[in-house]
**Q** 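Handing you this structure, nothing more for now.
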Amino acid sequence: DVVIEFESVTKRYRDGTTAVQDLSLTIPSDKITVIVGPSGCGKTTTLRMINRMLEPTSGSISWDGAPLKSKRKTQLRRQMGYVIQSGGLFPHRTVIENIQTVPTLIGWDKTKNRNRAYELLEMVGLERKLAQRYPSQLSGGQQQRVGVARALAADPIVMLMDEPFSAVDPVVRADLHEQFLQLQKKIGKTIVMITHDIDEAIKLGDQIAIMRKGGVLAQVGSPQQLLEE
Ligand code: ADP
Ligand code: ADP
């Protein structure tokens with residue numbers, strides 16, 4: 001049940017920088033795959049090629065056996081939730097409005113959207129009374145959780161997470177890690193997360209892909225394999 005497959009993918013930016021070179025990577029479904037490596041090694045570039053925010057220069061990426069290129073970008077963006085550091089929330093929308101962003105755009109039923117948004121708020125461990133607050137009235141950890149709820153609201157098949165926990169302090173981060181693992185037990189999504197924190201990768205990853213500078217993928221394996229070798 002391989003879901004996303006990179007084959008010899010290279011990404012060169014217009015200025016000539018090769019961010020990713022000859023990368024092959026298999027992302028299984030319904031598991032957390034963590035891509036870990038130092039700053040600048042090509043993690044963000046790799047993540048952004050999965051929802052076609054960026055196109056590979058060469059090589060191919062497939063999803064469920066079909067080339068990503070054959071899929072419409074708007075469709076992909078809905079099927080793939082995207083979470084960034086501290087949530088990336090819209091500052092002028094309340095928590096509940098933030099969560100309903102995509103369902104509202106799609107034009108799903110308003111009452112259902114609202115009920116689902118409150119359900120998601122609870123799923124990510126936030127109290128109902130926070131619903132009418134603005135992002136600036138939340139702690140970093142709370143903003144991050146709203147970001148996860150917003151990404152889940154569109155019912156994505158895949159969740160792409162760009163250093164989602166790096167902006168919160170270590171104590172809050174440990175809590176978020178636990179809650180995130182609990183949440184994943186319930187939802188069982190295909191998750192691709194990038195981080196520069198090896199401890200985080202070991203704690204959260206069912207699969208770990210290690211990148212090193214120059215964009216070469218060194219290894220893919222489970223945390224257990226990693227610790228034994
Ligand atoms: P990471 O997420 O691991 O920090 P990135 O994928 O952001 O790595 O970057 C990989 C390499 O590509 C770095 O050398 C970075 O400077 C370069 N890079 C990233 N974005 C661009 C861009 N838009 N144009 C040119 N070079 C870029
Ligand atoms: P957490 O440990 O969940 O990250 P904090 O310790 O930062 O939260 O905040 C504690 C409480 O204070 C939370 O209930 C949060 O809603 C509230 N809070 C934090 N910042 C603000 C703010 N700028 N305006 C209103 N309430 C806030």
Side-chain angles (χ1 to χ4, degrees), residues 3-28 31-63 67-69 71 73-74 76-77 79-89 140 143-144 147-148 150-151 156 158-170 173 176-177 180 189-223 225-226:
V3 67
I4 297 160
E5 184 118 51
F6 281 65
E7 282 176 274
S8 304
V9 170
T10 293
K11 174 65 190 181
R12 207 168 295 115
Y13 285 106
R14 292 173 60 156
D15 69 353
T17 306
T18 302
V20 169
Q21 189 161 16
D22 200 23
L23 178 102
S24 294
L25 172 65
T26 298
I27 296 163
K31 290 194 163 70
I32 302 175
T33 297
V34 180
I35 301 173
V36 63
S39 177
C41 75
K43 301 182 297 298
T44 307
T45 303
T46 301
L47 197 70
R48 289 185 177 167
M49 286 191 282
I50 298 176
N51 71 352
R52 298 191 63 203
M53 276 162 84
L54 292 173
E55 302 290 348
T57 309
S58 65
S60 72
I61 308 173
S62 62
W63 185 17
L68 263 191
K69 269 201 299 200
K71 299 185 189 291
K73 286 186 191 177
T74 44
L76 268 185
R77 304 286 156 76
Q79 293 172 333
M80 295 184 168
Y82 205 89
V83 179
I84 61 169
Q85 272 188 24
S86 22
L89 303 175
Q143 290 182 37
Q144 201 280 339
V148 172
R150 184 177 63 180
V158 176
M159 287 275 276
L160 305 174
M161 307 182 85
D162 186 344
E163 301 261 359
F165 306 114
S166 64
V168 292
D169 72 69
R173 195 181 308 150
L176 288 175
H177 284 164
F180 176 66
K189 295 268 178 207
T190 301
I191 295 175
V192 188
M193 178 188 299
I194 62 175
T195 181
H196 57 264
D197 179 348
I198 186 72
D199 293 329
E200 181 168 273
I202 292 169
K203 192 166 171 196
L204 301 180
D206 298 310
Q207 294 274 319
I208 299 175
I210 301 170
M211 288 184 80
R212 64 169 191 238
K213 243 182 160 56
V216 181
L217 186 79
Q219 190 187 347
V220 183
S222 71
Q225 284 169 342
L226 193 66

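All ligand and atom numbering here is 1-based and tracks the order in the structure. Below, each value reflects all heavy atoms present in this structure, side chains not excepted, and no hydrogens, waters or symmetry copies. Residue indices begin at 1 and follow the sequence shown.
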**Q** Within the supplied structure, the quantity of interest is the number of heavy atoms (other residues, nucleotides, ligands) at a distance under 6.0 Å from K69 NZ; does it exceed 12?
**A** no
**Q** Is it the case that the side chains of T26 and E5 hold a donor-acceptor pair, with the cut-off being a distance below 3.5 Å and no angle test?
**A** yes
**Q** Any non-hydrogen atom of G40 lying under 4.0 Å from ligand 1?
**A** yes
**Q** Could you tell me which atoms of ligand 1, counted from 1 in the order shown, lie closer than 4.0 angstrom to a heavy atom of C41?
**A** 1 (P), 3 (O), 8 (O)
**Q** Tell me whether atom 16 (O) of ligand 1 lies less than 4.0 Å from at least one protein heavy-atom position.
**A** no
**Q** Going by atom types only, do T45 and Y13 share a side-chain donor-acceptor pair under 3.5 Å?
**A** yes
**Q** For K43, counting its heavy atoms only, list the atoms of ligand 1 lying under 4.0 Å from any of them.
**A** 1 (P), 2 (O), 3 (O), 4 (O), 6 (O), 8 (O)
**Q** Looking just at side-chain N and O atoms, do S166 and Q85 make a donor-acceptor pair shorter than 3.5 Å?
**A** yes
**Q** Heavy atoms only, cut-off 4.0 Å: how does T44 contact ligand 1, side chain, backbone, both, or neither?
**A** both
**Q** Atom 8 (O) of ligand 1: which protein heavy atom is closest, and how many Å away?
**A** G42 N, 3.1 Å
**Q** Taking only heavy atoms of T45, which atoms of ligand 1 are found under 4.0 Å from at least one of them?
**A** 5 (P), 6 (O), 9 (O)
**Q** Examine distances only and state if a side-chain atom of R173 and a backbone atom of V168 form a donor-acceptor pair shorter than 3.5 Å.
**A** yes
**Q** Using a strict 4.0 Å cut-off to heavy atoms of S39, name the atoms of ligand 1 that fall inside it.
**A** 4 (O)
**Q** P38 heavy atoms, cut-off 4.0 Å: which ligand 1 atoms fall inside?
**A** 3 (O)
**Q** Distance-only, no hydrogens or angles: does the K11 side chain make a donor-acceptor pair with backbone N or O of E55 under 3.5 Å?
**A** yes
**Q** Tell me the protein heavy atom at minimum distance from atom 19 (C) of ligand 1, and give that distance in Å.
**A** Y13 CE1, 3.5 Å
**Q** Would you find a donor on one side and an acceptor on the other, under 3.5 Å apart, between the side chain of T18 and the backbone of V20?
**A** no
**Q** Nearest protein heavy atom to atom 12 (O) of ligand 1, by residue and atom, and its distance?
**A** A19 CB, 3.3 Å
**Q** Regarding D22 and T10, do their side chains bring together a donor and an acceptor under 3.5 Å, going by distance alone?
**A** no
